[in-house]
Number of protein chains: 2
Amino acid sequence: MKRLRNENADLDASDLKILRLLEKDARTSTAELARAVGLSAPSVAERIRKLQENGVIEAYTVRINPAALGMKLSAWLRIRPVPGQLAVVTEIIRDLPEIALCDRVTGEDCFIALAHVGSVAELERVIDRIIPYAMTNTAIIQSSPVEPRSLLDGLKG
Amino acid sequence: MKRLRNENADLDASDLKILRLLEKDARTSTAELARAVGLSAPSVAERIRKLQENGVIEAYTVRINPAALGMKLSAWLRIRPVPGQLAVVTEIIRDLPEIALCDRVTGEDCFIALAHVGSVAELERVIDRIIPYAMTNTAIIQSSPVEPRSLLDGLKG
DNA sequence: CATGAAAACAGGTCTTA
DNA sequence: TAAGACCTGTTTTCATG
């Protein structure tokens with residue numbers, strides 16, 4: 001049987017199937033997962049426990065529609081702190097709840113951040129907090145040709 | 001009572017609490033949610049059903065650690081198709097399972113995409129698929145000053 | 001496999017439009 | 001009076017030792 005082996009994880013076809021099912025609906029019961037993969041419920045529970053322990057499964061979360069919460073505008077910000085202000089910018093970003101995600105990256109831009117806001121005015125307030133200490137470049141999201149997609153899609157089995 | 005009102009949703013404090021708890025652990029049982037918010041289990045189940053129906057809750061998913069699956073390298077790609085090749089580039093991106101996420105954006109770059117790969121060689125293969133039809137700019141993720149954060153953090157109540 | 005917990009379902013009450 | 005939110009039982013299903 002095909003196995004995916006790393007220092008942390010050692011996944012077989014059943015593990016992958018469980019992960020795929022949980023990705024589609026994290027609230028699927030152990031019993032139902034068991035039926036789908038053809039194992040006993042305790043066996044599936046044990047596999048899930050191990051996937052968590054190994055750090056393969058980091059968390060179970062709910063995907064919330066930003067627009068339904070009034071966040072009708074989303075934007076990617078590229079942020080390039082002026083010399084000496086990197087720590088300050090990091091702190092400001094951490095303090096802005098509108099920033100849903102921020103990665104430190106290589107290249108001329110130091111950070112890439114995702115902001116969800118209710119209006120252009122709100123977006124301006126976010127940028128105004130950062131701009132004293134960094135150059136920013138804002139790209140408003142128009143659509144998503146690729147909806148958040150599974151890491152598992154690239155794996156066979 | 002404070003309410004968050006939109007065309008789709010009309011959330012009260014209990015709904016927000018339920019969403020926050022599900023965000024922390026989407027597998028929390030209805031019974032436990034009920035205890036936490038001080039309602040009966042059927043009542044909480046009904047609220048959750050409505051949140052799904054209203055599109056506030058889009059999905060329950062599991063967060064998988066890319067590194068645990070051998071994807072040790074993640075990168076942001078900015079992609080700017082050469083004139084006339086936008087449709088082709090869109091198709092290529094859709095066909096690349098390494099691309100976990102891709103947004104169409106305003107500005108000089110047309111797309112922003114997130115890729116998870118196992119190695120630099122694999123990253124090169126991804127870029128090589130795109131580069132005949134677009135200018136790309138690749139920024140490798142070094143760290144994440146802001147871990148994926150709740151949309152609800154900005155809301156009071 | 002057995003037991004305690006939880007989910008699903010079915011009325012029933014109270015409030016509000 | 002009708003709709004909606006919530007509650008209390010009961011039955012079935014599930015989690016887990």
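Values reported hereafter were calculated over all heavy atoms of this structure, with side chains retained and with hydrogens, waters and symmetry mates removed. Proteins get letters first, then strands, A, B, ... in listed order; numbering begins at 1 in each.
- Side-chain atoms of B:Lys50 lie closest to D:dG4 of the nucleotides C:dC9, D:dG4, D:dT16.
- Atom CD1 in A:Ile48 sits about 9 Å away from atom P in D:dA15, given to the nearest Å.
- The closest side-chain donor-acceptor pair between B:Tyr133 and B:Glu91, if any, does not fall under 3.5 angstrom.
- Taking 4.0 Å as the cut-off between side-chain N and carboxylate O, B:Arg27 and A:Asp25 do not count as a salt-bridged pair.
- A:Glu23 and B:Thr61 are not linked by any side-chain donor-acceptor pair at a separation below 3.5 angstrom, with hydrogens and angles left out of the test.
- In this model, the phosphate group of D:dC6 is not approached by any side-chain N or O of B:Ser40 to a distance below 4.0 Å at OP1 or OP2.
- To the nearest 0.5 Å, atoms CZ (B:Arg104) and CG (B:Asp109) are separated by 11.5 Å.
- Side-chain N/O atoms of B:Arg47 include one lying less than 4.0 angstrom from OP1 or OP2 on D:dC6.
- When the P atom of C:dT16 is taken as reference, atom CG of B:Asp10 falls 16 Å away, rounded to whole Å.
- A salt bridge links A:Asp15 with A:Arg47; the closest basic N to acidic carboxylate O contact falls under 4.0 Å.
- Distance CG (B:Asp12) to P (D:dA5): 10 Å, rounded to an integer number of Å.
- Side-chain contact between A:His116 and A:Glu98 is absent, with no heavy atoms from C-beta onward closer than 4.5 Å.
- For the pair A:Arg49 CZ and D:dA15 C1', the interatomic distance rounds to 15 Å; values are reported in whole Å.
- Within a heavy-atom distance below 4.0 Å of DNA chain D, the residues of residues 29-39 of chain A found are A:Ser29, A:Thr30, A:Ala31, A:Arg35.
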